[in-house]
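The next block holds one structure in the form of structure tokens; read it before the comments.
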Amino acid sequence: MAVDALPKTYDPREVEPRWYAEWLRRGYFHADVDPSRVPYVIMLPLPNITGVLHIGSVSTFSPQDVLMRWRRMQGHNALWQPGTDHAGIATQNVVEREMAKEGLTLQDLGREKFLERVWQWRDQSGGTIDQQLKRMGYSCDWERYVFTLDPAYYDAVLEAFIRLYNEGLIYRGKRMVNWCPRDQSAISDLEVEYEEIDSSLWYVRYPGADGSSGIVIATQRPETILADVAVAVHPDDDRYRALVGTEVILPLVNRRVPVIADGRVDPEFGTGALKITPGHDYLDNEIGQDHNLPVLVVLDEKGDMTPDTGKFAGLNRFDARDKVAGAIAALGLVEKVIPYRTSVGTCDRCHAIIEPYISDQWFCDMTGMAARAAEAIRAGRVRFHHERWARIVLNFLDHIRPWTLSRQLWWGHRIPVWQCDACGERVAAKIAPAVCPQCGGTVLTQDPDVLDTWFSSAIWPFATLGWPQETPDLRYFYPGNVLATANEILFLWVARMIMMGLHFMDDVPFTDVYVTPTVLNLEGQRMSRSLGTGLDPLEMVEDRGYGADALRFALISRCSQNQQDFRFAEKMIADVRNFNTKIWNAMRLVLMHLDGFDPETEPTTTALGPADRWIRSRYARLVANVTGALEAFELDRAARMLYDFIWGEYCDWYLELAKVDLQPEAGSGKPPTKERPVNGQRRAAVRHTLWYVLSNTMKLLHPIMPFITEEVWHRLPHRGDSIMIASWPQPRPEWVDAEPESQMDSLIAVIRGIRSLRTDLGIAPATMIPAHIRAGTDTLETLRRAHQHIARLAKVEAVFEAQGMPRPPSSVGAVLPGAEVYLLVRGVVDAERERRRLGRTVDDLEADIERLGRRLDSREFLERAPAEVVERERQRLEDMKARRARLADLIASLH
RNA sequence: GGGCGGUUAGCUCAGCGGUUAGAGCGCAUGCUUCACACGCAUGAGGUCGCAGGUUCAAAUCCUGCACCGCCCACCA
């Protein structure tokens with residue numbers, strides 16, 4: 001397509017899906033075992049099948065794709081393992097809700113029919129997130145896609161369970177667990193989210209059994225008074241010392257319970273007297289056990305009052321709270337009720353308030369595995385980025401508690417334990433044992449529960465590679481390299497993968513954990529679909545037309561490791577869209593000058609001008625800096641450096657200067673033609689530089705913005721098939737050159753100085769005016785050679801002169817650091833106005849000279865500061881004084 | 001109660017011991033300049049949360065405080 005025919009704006013909606021399909025078709029995402037190459041492995045944090053892409057996923061997945069694409073270009077055998085999680089509770093809830101619309105319950109369908117229905121649901125609606133991941137450009141190896149209920153994966157989960165069971169680490173027990181009355185299942189400690197709510201604190205009097213006034217307790221949960229078995233006070237609490245050992249009477253039930261002493265009671269809280277309800281509270285349960293108290297239960301698995309609670313039977317816990325409190329108040333035993341703000345545990349899936357509930361569950365003892373994982377982290381075998389997260393994970397591991405593994409659900413990996421109907425013996429096995437090994441009984445029943453979804457996720461890094469089989473994949477790709485995630489699943493998932501990896505594979509599953517900050521909206525709220533505070537990524541990418549590249553870049557440029565969250569808004573994506581348009585138009589300009597260009601021809605070094613040498617030097621630094629930033633997991637820095645280089649250096653300056661170099665005659669304003677060529681070698685050098693820097697900058701940018709870089713790269717002359725598999729730019733230390741950099745600094749300063757003067761004087765931007773430019777010998781020579789560039793960029797026709805002469809007649813000037821510029825104005829110079837303008841510069845200068853002078857007068861500074869710092873400051877002071885003197889001359893010449 | 005992070009221009013963020021504290025957006029002014037108005041040019045805008053300390057030198061290091069946010073913990 002002719003360059004002129006290319007549109008002025010870039011359309012990501014056309015480009016992005018086209019390239020993704022092409023990459024897929026060419027199999028670029030697939031990784032096979034290849035001992036000749038070094039593997040690089042990232043496990044995609046597996047989305048739920050119920051999931052849809054949200055901004056949080058984009059902000060954690062995008063950095064992973066950056067790392068994958070970068071390492072792939074560096075020649076690593078890069079594997080990004082994708083898949084989805086069956087998401088036990090979440091999925092079962094979705095399908096149950098759907099069934100409820102048809103008036104169906106779990107019991108109506110039965111286990112088998114229900115599971116069929118979930119699979120049906122998965123086939124229809126599961127998987128939408130996969131399409132969304134593809135739309136974002138993620139280079140996952142889709143050929144290796146794993147679902148946690150795939151037969152092979154299912155088998156691995158059972159294998160892990162059975163091994164831990166046989167090692168004695170998994171056990172069954174009746175104890176208090178976090179119970180979700182809505183889901184009617186146990187959940188683990190980590191699945192409880194604490195929320196602040198407004199509640200009340202009831203002060204209730206328990207009369208003494210001997211007719212005395214008894215004791216007043218404070219409680220948030222009057223309904224559990226029916227299950228109280230004691231009142232506890234602190235042993236050193238003088239107020240109650242006499243009551244310990246006596247009995248008090250529970251209101252309503254009129255049961256006599258003892259007053260006991262226990263050090264765990266806080267005398268400062270409430271009345272200092274704690275009612276003990278071992279059936280419905282963790283601390284009470286502990287205290288009850290230690291004092292051999294009975295356990296009474298008044299709430300059932302649905303959170304309703306049990307049948308033996310008389311007139312309260314069947315009430316839900318919240319209604320019961322009011323009714324019980326009311327009934328006690330009617331007896332005159334409620335001393336007072338005060339408003340009370342408290343935190344309650346809620347279910348992270350359905351947000352129902354959790355009940356401490358006693359039931360039979362399966363647990364896993366994590367102490368040994370946690371100690372081993374902690375040791376690995378302390379030894380630096382797993383590094384966290386930012387390292388502060390290591391301490392947080394270590395704190396979790398150092399205080400690890402048993403993991404409640406069983407869930408009273410149907411959707412998930414069913415616990416592979418069989419119990420003999422005859423003798424009660426339990427056997428762990430993948431398939432039903434024919435006979436009981438204990439008594440020979442032939443009727444064995446499988447445990448009805450399924451495993452915590454996170455149990456299956458914990459073995460993801462090796463179960464996806466064929467474990468427990470010793471597959472070539474497993475040998476080659478394990479351990480992996482990086483795990484990138486939001487901080488919210490560090491314990492739920494990351495820590496557990498480290499523990500399981502060490503346990504089953506005898507090695508950590510990855511060496512680096514990259515923790516991405518949380519995305520907030522501008523009000524500082526967590527972005528959430530349910531709260532309506534979110535930003536829908538697909539809407540941004542497709543409907544608003546910003547494209548996946550823009551969203552990726554916008555998020556990556558803000559994922560600094562310094563902070564644990566950052567605020568984000570649509571405008572920030574639009575800004576990157578503008579950057580894309582800038583890149584696109586830079587490409588259009590370059591292409592206009594690349595007719596018949598052969599990228600194989602190396603330019604003659606001597607033909608390179610200062611601008612070419614400058615941009616090559618800047619580019620060489622960029623390669624080193626971007627590569628270094630990626631190595632240090634400073635992706636945000638890499639993004640910002642690329643933005644600044646492309647827009648601020650390559651486009652703003654190099655392209656403008658190159659236009660001049662590619663013109664046949666200064667100021668002719670026409671592109672070069674065959675009839676009017678520029679110097680052949682110069683032209684070749686400039687064209688090569690234009691092409692080389694743009695082409696390779698696209699490579700550096702490709703990991704962050706894969707689509708536009710591929711599109712641009714393809715339109716430029718090149719040899720390769722795709723930028724995706726092009727090699728990462730080679731470092732060019734020999735191009736780093738301070739000389740052209742300093743020359744360009746002078747040139748830019750002069751051009752800016754002239755432009756600023758022009759604006760001050762209100763000279764129309766297009767008007768060409770005469771000017772005098774003065775500088776020291778070297779700088780003057782540089783500027784003189786750039787006279788055509790200055791003419792075009794500053795719109796002046798300049799004469800170049802040595803410094804020191806008086807102000808040219810009828811001119812207005814400025815003294816810049818290192819150069820002076822004078823514009824010749826028609827008519828009379830407004831001396832007063834000029835004095836004021838120059839005076840402002842002098843004032844600023846005076847202040848600096850004053851401050852610097854004081855510093856250089858200080859003996860301590862001269863004696864203690866490093867010599868080069870002192871020397872540099874001296875030089876600065878001299879330069880400023882010289883500049884002040886020139887300004888004074890200039891002002892003096894005005895009259 | 002313990003821990004972590006933040007507080008720099010109107011907004012979002014860089015800078016984390018040494019020139020005059022930067023960027024993008026927003027704002028003002030001027031430009032339909034032959035890559036780009038999703039643009040170009042010029043400019044205004046900051047006592048770097050507060051109080052101490054260390055240092056020749058502090059936005060940057062230390063201590064304390066104040067807000068904002070997150071995590072952990074069995075205070076009824």
Side-chain angles (χ1 to χ4, degrees), chain A residues 3 6 8-10 194 201 217-221 232 264-266 268-271 273-277 281-287 340 342 356 386 388-389 391-392 395-396 399 487-488 490-491 517-518 520 522 524-526 557-558 560 562-569 571-572 574-592 636-637 640 643-644 647-648 651-652 655-656 659 669-671 752 755-760 762 764-766 792-793 795 817 844-845 847-848 851-852 855 858-866 868-870 872-873 875-876 880:
Chain A
V3 178
L6 288 176
K8 290 182 176 183
T9 51
Y10 167 75
Y194 287 87
L201 197 58
I217 57 93
T219 181
Q220 294 179 52
R221 305 202 59 188
R264 281 163 286 194
V265 177
D266 176 5
E268 304 293 317
F269 188 91
T271 61
L274 171 65
K275 73 188 206 61
I276 299 298
T277 323
D281 183 274
Y282 280 100
L283 177 62
D284 294 6
N285 191 263
E286 257 179 53
I287 293 176
Y340 187 65
T342 186
H386 187 283
R388 83 179 92 93
W389 297 111
R391 280 180 45 212
I392 290 168
N395 183 57
F396 166 71
H399 299 93
N487 64 36
E488 63 195 12
L490 280 177
F491 306 155
T518 309
L520 309 176
L522 287 183
Q525 300 165 297
R526 186 185 294 267
S557 63
R558 284 172 177 80
S560 156
N562 295 343
Q563 38 188 18
Q564 40 192 43
D565 45 42
F566 66 98
R567 298 181 185 207
F568 192 69
K571 185 74 178 73
M572 299 170 187
D575 293 342
V576 183
R577 185 268 321 269
N578 297 352
F579 179 47
N580 276 343
T581 310
K582 190 74 182 175
I583 292 171
W584 179 252
N585 282 291
M587 175 204 72
R588 291 206 311 140
L589 175 68
V590 170
L591 285 178
M592 287 175 191
D636 57 311
R637 279 191 55 224
R640 269 183 275 115
Y643 185 98
D644 292 343
W647 201 316
C651 290
D652 282 353
L655 290 184
E656 294 303 327
K659 281 182 197 169
K670 296 192 180 101
R752 287 198 164 136
R755 284 171 173 170
S756 183
L757 259 185
R758 295 178 60 113
T759 304
D760 261 12
R792 166 127 180 186
L793 298 188
K795 291 285 177 199
D844 291 348
L845 212 45
D848 291 343
R851 200 174 22 179
L852 199 53
R855 184 183 300 181
S858 148
R859 275 188 56 138
E860 286 107 327
F861 175 69
L862 296 176
E863 281 167 13
R864 306 217 188 170
E868 67 268 23
V869 173
V870 175
R872 199 172 57 217
E873 299 291 63
Q875 187 57 50
R876 259 183 70 214
M880 285 196 281

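All of these numbers come straight from a predicted model, not from anything done at the bench. Heavy atoms only: backbone and side chains are in, while hydrogens, waters and symmetry mates are out.
- Under the 4.0 Å criterion applied to side-chain N and carboxylate O atoms, Glu488(A) and Arg526(A) are assigned as salt-bridge partners.
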Could you list the protein-to-nucleotides 69-74 of chain B atom pairs, N/O on both sides, closer than 3.5 Å?
from: G69(B); atom 1: N2; to: Gln564(A); atom 2: NE2; distance (Å): 2.7
from: C74(B); atom 1: OP1; to: Arg401(A); atom 2: NH1; distance (Å): 3.1

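- Position along RNA chain B of the nearest nucleotide to Arg391(A) versus Lys571(A) favours Arg391(A) as the more 5'-ward residue.
- Each of Lys275(A) and Cys651(A) has a nearest nucleotide on RNA chain B; the 5'-most of these lies closest to Cys651(A).
- Across all strands shown, Arg640(A) has heavy atoms under 4.0 Å from sugar-phosphate atoms exclusively, and none from any base.
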Identify all pairs in which a protein N or O lies below 3.5 Å from an N or O of nucleotides 38-42 of chain B, and state each distance.
from: C38(B); atom 1: O4'; to: Asn578(A); atom 2: OD1; distance (Å): 3.0
from: C38(B); atom 1: O2; to: Arg577(A); atom 2: NE; distance (Å): 2.9
from: C38(B); atom 1: O2; to: Asn578(A); atom 2: OD1; distance (Å): 3.2
from: C38(B); atom 1: O2; to: Thr581(A); atom 2: OG1; distance (Å): 2.5
from: G39(B); atom 1: OP1; to: Asn578(A); atom 2: ND2; distance (Å): 3.1
from: G39(B); atom 1: O3'; to: Lys582(A); atom 2: NZ; distance (Å): 3.1
from: C40(B); atom 1: OP1; to: Lys582(A); atom 2: NZ; distance (Å): 2.7
from: C40(B); atom 1: OP1; to: Trp647(A); atom 2: NE1; distance (Å): 2.7
from: U42(B); atom 1: O3'; to: Ser756(A); atom 2: OG; distance (Å): 3.4

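- With hydrogens and angles left out, the side-chain atoms of Asn580(A) and Arg577(A) include no donor and acceptor closer than 3.5 Å.
- Judged by distance alone, with hydrogens and angles left aside, Lys8(A) brings no side-chain donor or acceptor close enough to the base of A35(B) to form a pair under 3.5 Å.
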Look for any protein N or O under 3.5 Å of an N or O in nucleotides 6-11 of chain B and output each such pair with its distance, or none.
none

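- Counting non-hydrogen atoms under 4.0 angstrom, Arg558(A) reaches the backbone sugars and phosphates but no base.
- Applying the side chain to side chain donor-acceptor pair (under 3.5 Å) test to Thr342(A) and every residue at least two apart in sequence or in another chain returns Gln220(A).
- Among the protein residues, Ser560(A) comes within range of the sugar-phosphate backbone only, with heavy atoms under 4.0 Å from sugar or phosphate atoms but none that close to a base.
- The residue Ala865(A) sits close to a base: some heavy atom pair falls under 4.0 Å.
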Watson-Crick and G-U pairing of RNA chain B, under 3.5 Å, as dot-bracket with | and [ ]: ((((((((.[[[[.)..(...]]]].(((((.......))))).....[[[[[..)....]]]]])))))))....
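- Rounded to whole Å, the distance from CE on Met587(A) to P on A35(B) is 14 Å.
- Applying the side chain to side chain donor-acceptor pair (under 3.5 Å) test to Arg752(A) and every residue at least two apart in sequence or in another chain returns nothing.
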